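For reference, the structure is listed below as structure tokens.
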Protein chains: 2
Amino acid sequence: MEKKPDFKELTRRERQIMEIVYRLGRAMATDVMEHMSGRPANATVRTLLSVLEEKGYLTHATEKGKYIYSPTVPLTSARRSALDNVLETFFSGAEAAAAISILKKADAKLTEAERKLILEIIEESRKRGR
Amino acid sequence: MEKKPDFKELTRRERQIMEIVYRLGRAMATDVMEHMSGRPANATVRTLLSVLEEKGYLTHATEKGKYIYSPTVPLTSARRSALDNVLETFFSGAEAAAAISILKKADAKLTEAERKLILEIIEESRKRGR
DNA sequence: GGCGAAGTGTTAAATATTTAACATGTGCAC
DNA sequence: GTGCACATGTTAAATATTTAACACTTCGCC
């Protein structure tokens with residue numbers, strides 16, 4: 001596959017579908033259809049899934065005659081790109097605010113290992129920073 | 001203005017423009033044009049800016065005969081929505097990983113106040129969490 | 001004031017996207 | 001094997017988006 005998927009080039013519906021598939025991890029047309037605004041028909045969604053596969057964003061496995069689509073860009077990579085884009089677009093110079101905002105929501109769910117890691121980063125920041 | 005701007009409903013070019021305007025804070029057609037992929041003509045960009053204004057996403061002030069566009073959704077609100085969407089789409093169950101990732105990149109730029117705040121959140125997490 | 005660069009206003013066509021009907025296929029329960 | 005629910009395959013039209021040419025205006029400099 002030569003295409004380098006670029007989420008900025010996705011059309012409205014394509015982008016909506018990509019987000020749904022990432023959320024679900026893998027999905028059939030009916031799954032995607034149920035999550036879409038504007039209630040497009042099943043055939044509509046299938047056409048769009050097919051286009052996305054041609055463009056290299058999705059791939060499908062056939063299970064019992066059914067098409068199960070999944071993203072071609074691995075989650076770790078997609079996470080990186082998506083997060084970078086949001087930071088660059090909305091949080092330029094305020095990246096820490098984004099992190100803090102997330103931590104405030106996630107604090108009850110932090111593991112000990114995560115807390116330890118964050119403390120290490122803070123310590124490192126003290127050594128280097130201001 | 002009755003419309004509630006919903007970024008998921010933006011077309012490909014509209015979304016690209018919105019991100020550029022948020023990055024720049026405020027922008028004229030030529031500014032936006034310079035940042036766009038595919039090198040659309042000035043008249044193209046102006047049409048799209050005008051559409052976005054009609055849809056309620058942008059507003060413009062006239063300065064010396066020039067249209068300076070800015071977003072209608074305040075940055076704080078846009079930040080919230082964008083970040084939530086990325087977390088929900090790509091980081092479900094792994095929100096802490098997003099925060100950690102950001103902190104790793106931003107650690108040299110953390111202020112003392114930010115470090116203090118993060119430490120407080122970690123402490124709070126210890127009390128409540130696992 | 002004149003001029004030119006750079007801006008807006010207007011219009012509509014080219015192009016892309018979205019839509020979905022209908023024919024056909026698959027798998028499973030009976 | 002049969003029937004049915006639910007899936008895919010195919011085709012093309014409706015709709016939306018993107019594109020930009022050209023006329024006109026604004027502003028700053030000389």
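Throughout, a chain's letter reflects where its sequence line sits, starting with A, and its residues are numbered from 1. All values below come from the heavy atoms of this structure, side chains included, with hydrogens, waters and symmetry mates left out. Quick caveat, the model's predicted, so the values are computed rather than measured.
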Report the distance from atom [atom1] of [X] to atom [atom2] of [N], rounded to the nearest whole Å.
| X | N | atom1 | atom2 | value |
| --- | --- | --- | --- | --- |
| B:Glu63 | C:dA6 | CD | P | 19 Å |
| B:Leu49 | C:dG9 | CG | P | 12 Å |
| A:Arg13 | C:dA20 | CZ | C1' | 13 Å |
| B:Arg15 | D:dT18 | CZ | P | 13 Å |
| A:Glu54 | C:dA16 | CD | C1' | 14 Å |
| B:Tyr57 | D:dT17 | OH | P | 11 Å |
| B:Leu48 | C:dT15 | CG | P | 17 Å |
| A:Leu10 | C:dA16 | CG | P | 16 Å |

For A:Arg13, check side-chain hydrogen bond (donor to acceptor under 3.5 Å, both in side chains) against everything at least two apart and list the hits. A:Gln16
Is it the case that A:Thr72 and A:Glu53 place a side-chain donor and acceptor less than 3.5 Å from each other? no
Could you list the protein-to-nucleotides 5-9 of chain D atom pairs, N/O on both sides, closer than 3.5 Å?
unit_1 : atom_1 : unit_2  : atom_2 : d
D:dT8  : OP1    : A:Tyr67 : N      : 3.0
D:dT8  : O3'    : A:Tyr67 : OH     : 3.3
D:dG9  : OP1    : A:Tyr67 : OH     : 2.5
D:dG9  : OP2    : A:Tyr67 : OH     : 3.1
D:dG9  : N7     : A:Arg46 : NH1    : 2.7
D:dG9  : O6     : A:Arg46 : NH2    : 2.9

Give me each pair satisfying ring-ring contact (aromatic ring centres under 6.0 Å, His included) with a member in residues 64-86 of chain A, each pair once, sequence neighbours excluded. A:His60-A:Tyr67, A:His60-A:Tyr69
Please work out if A:Thr44 contacts a base, only the sugar-phosphate, or nothing of the nucleic acid, heavy-atom cut-off 4.0 Å. base
When you compare the side chain of [Y] with that of [X], does any pair of heavy atoms fall below 4.5 Å?
| X | Y | value |
| --- | --- | --- |
| A:Ser50 | A:Arg46 | no |
| A:Leu58 | A:Ser70 | no |
| B:Leu83 | A:Ser101 | yes |
| A:Ile122 | B:Asp107 | no |
| B:Glu124 | A:Lys104 | no |
| B:Leu48 | B:Thr11 | no |

Counting just side-chain N and O atoms, does B:Thr11 come under 4.0 Å of either OP1 or OP2 of D:dT18? yes
Solution key, residues 17-25 of chain A side-chain donor-acceptor pairs under 3.5 Å, sequence neighbours excluded:
unit_1  : atom_1 : unit_2  : atom_2 : d
A:Glu19 : OE1    : B:Lys8  : NZ     : 3.0
A:Glu19 : OE1    : B:Asn85 : ND2    : 3.3
A:Glu19 : OE2    : B:Asn85 : ND2    : 3.4
A:Tyr22 : OH     : A:Val73 : O      : 2.7
A:Arg23 : NE     : B:Thr89 : OG1    : 3.2
A:Arg23 : NH1    : B:Glu88 : OE2    : 2.7
A:Arg23 : NH2    : B:Asn85 : OD1    : 2.7
A:Arg23 : NH2    : B:Thr89 : OG1    : 2.8

Decide yes or no, distance alone: a donor-acceptor N/O pair under 3.5 angstrom between the base of D:dA20 and the side-chain of B:Thr47. yes
Taking the axis from the first five pairs and the axis from the last five, what angle separates them in the helix from C:dG1-D:dC30 to C:dC30-D:dG1, rounded to 10 degrees? 30°
Quick one: CZ on B:Arg115 to CD1 on A:Ile100, what's the gap to the nearest 0.5 Å? 11.0 Å
Carefully, step by step, assess A:Glu9 and B:Arg12 under the rule salt bridge (Lys or Arg N to Asp or Glu O under 4.0 Å). CA-CA 6 Å; A:Glu9 296 301 322; B:Arg12 181 175 73 95; 2.6 Å; yes
Identify all pairs in which a protein N or O lies below 3.5 Å from an N or O of nucleotides 28-30 of chain C, and state each distance.
unit_1 : atom_1 : unit_2  : atom_2 : d
C:dC28 : OP1    : A:Lys64 : NZ     : 3.3

Options C:dT18, D:dA20, D:dT19, nucleotide nearest the side-chain atoms of A:Arg12: C:dT18
